[in-house]
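First the structure, in the form of structure tokens, and then the observations on it.
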Amino acid sequence: MIAVALGLAVMDGFDVQIIGYVAPILSGLWHIDPKSFGLIFGAGLLGLALGPIAFSPLADKVGCRPVLIGCTILYALGTMATTTVHSWSTLLGLRFLTGLGLGGVLPCTIAVVSDYAPTRARNLLLAISSSGFAIGGSLGGFVAAATIERFGWQTVFWIGGIVPLLILPVLLIWFPESLSRLLSDPSQHSRLEKVVARLAPGWSVPEAQPSHDERSDRFPVAVLFSKSLAVPTLLIWSIFLCSLLLLYFFVNWIPTVVHALGQPLQASNNAAAVFQLAGLLGGFFFNNLADRTGRPEWALVSSFAGATICCFFFGSAAATSLPIIVASVAVTGFFVVGALGVCISFAGTYYPSSIRATGIGWGIGIGRLGSIAGPILGGVLLTLNLSSEALFAVFAIPAMVAVICSACLRRSAEQGGPKDNYPHGPRIGARAINDARA
């Protein structure tokens, strides 16, 4: 299950990045201004923002597995269809549709993995499942460099579409439905018994029956704003927004800023790769910290506190020698990218199982607004001719906001915190199986 989730995340990251590698080629073939591809990039990001918002409530209503299968087929076919485009407008539409499918995948995989992961390593396994996005983004560059010149620009889109379809049979046969769905559907009792026998031998399987909790009949997004969840939901959305604003600013502008400070272009691009790699390690570290301490909110606070400090010092470090630049990029990536990994895992464990996909999906979807705003804000600030110290210090503000919001969060019942505000029943009973195997 973890391998399937990781594989889908890798292909998600790969597909998001490949349009950037072929844009220069297509602008030459179609004789259009390269700047016009900004709208195509934006269409993909808009799809990535709207995908989780649209599909995650559906996943909580009809099941994560069918929605995940549908989203995988949608983005695979959209990616392969891109090989046939001959116009800017067609490419624009396909990138939006592909983004919708891509956006719906991560909330479903995180919700299911969160249900099945043992409590003692839940956050770390969620971090591993979602880390494929960064891996796929890095892999895209190597694949593009090895294939485009030799086989044509269409090759990367064929790869990006065919591989998910090869994963699809594995998804159909072995990827399970969420435990909350199995626990609430009497017709799935035999499947539930098989799952429990494999995960927690000897544990007594409860009689599967529909939940009578009134929340289960409401639209999942409305439940996010119920009395006990409204404030935490707004805090989680704010954290996602700040995290993705910060991340996409660094990802988009590190090569440009470092190159402008006198470093060669290759070193600038390598710095961006180091940023992502160190971030993967940061995500694993902070999520392991959350598992070891049992206090995921502490991991959130510490990761964003580190990101804040890095913003203040990165600008001055970037103006020194190359080894110091690389070291500062690595440390900054460790905290900035690592903080996003903790955000995803925190949302993936915070909400009751019956609305977990919605909680994750809407957090990511709202956060995507930050991914659009970060690069734009960075570009505006660069036109003001700010010093590198001042430029990066400005982005300490969203990092500090994230620290404050993280400090205001408390563990939920699903995370082992106070249970008074949460209903109990079959749709939230997945945690019992996790506790039985802890």
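Quick note: residue numbers are just sequence positions, from 1. In what follows, every heavy atom counts, from backbone to side chain, and hydrogens, waters and symmetry copies are set aside. Only a predicted model underlies this, so the values are computations on that prediction, with no experimental measurement involved.
- For the pair Arg65 (side chain) and Phe175 (backbone), a donor-acceptor distance under 3.5 Å is present.
- Between Phe275 and Phe250, the angle of the ring planes stays under 30°, which puts this pair in the parallel group of the 30/60° scheme.
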Taking distance alone, no hydrogens or angles, what donor-acceptor pairs closer than 3.5 Å link side-chain atoms of residues 99-106 to residues at least two apart or in another chain?
none

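- Counting only distance, with no hydrogens or angles, the side chain of Asp291 and the backbone of Leu124 share a donor-acceptor pair below 3.5 Å.
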task = Any chance you could lay out the side-chain contact (heavy atoms from CB on, under 4.5 Å) test for Met80 and Trp158, step after step, and finish with the verdict?
result = CA-CA 5 Å; Met80 289 192 295; Trp158 281 118; 3.9 Å; yes

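- If you look at Trp362 and Phe219, their ring centroids are not closer than 6.0 Å.
- Ring geometry for Tyr350 versus Phe346: interplanar angle under 30°, hence parallel rather than tilted (30 to 60°).
- Between the side chain of Ser226 and the backbone N or O of Ala222 there is no donor-acceptor pair closer than 3.5 Å.
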Ser131 and Leu6: CA distance, side-chain angles, deciding distance, side-chain contact (heavy atoms from CB on, under 4.5 Å) verdict = CA-CA 7 Å; Ser131 66; Leu6 179 62; 3.8 Å; yes

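- The aromatic rings of Phe334 and Phe285 lie tilted to each other, with the angle between the two planes from 30° to 60°.
- Aromatic ring orientation, Phe395 versus Phe249: parallel (interplanar angle below 30°, classes split at 30° and 60°).
- The main-chain N or O of Phe284 is never found under 3.5 Å from a side-chain atom of Asn288 such that the two would form a donor-acceptor pair.
- Within the structure, every pair that satisfies the side-chain hydrogen bond (donor to acceptor under 3.5 Å, both in side chains) test and touches residues 91-112, not counting sequence neighbours, is listed here: Asp15-Arg95.
- Judged by distance alone, the side chain of Thr84 and the main-chain N or O of Ala81 form a donor-acceptor pair under 3.5 Å.
- Leu224 has its side chain within reach of Tyr351: a pair of non-hydrogen atoms, C-beta onward, lies under 4.5 Å apart.
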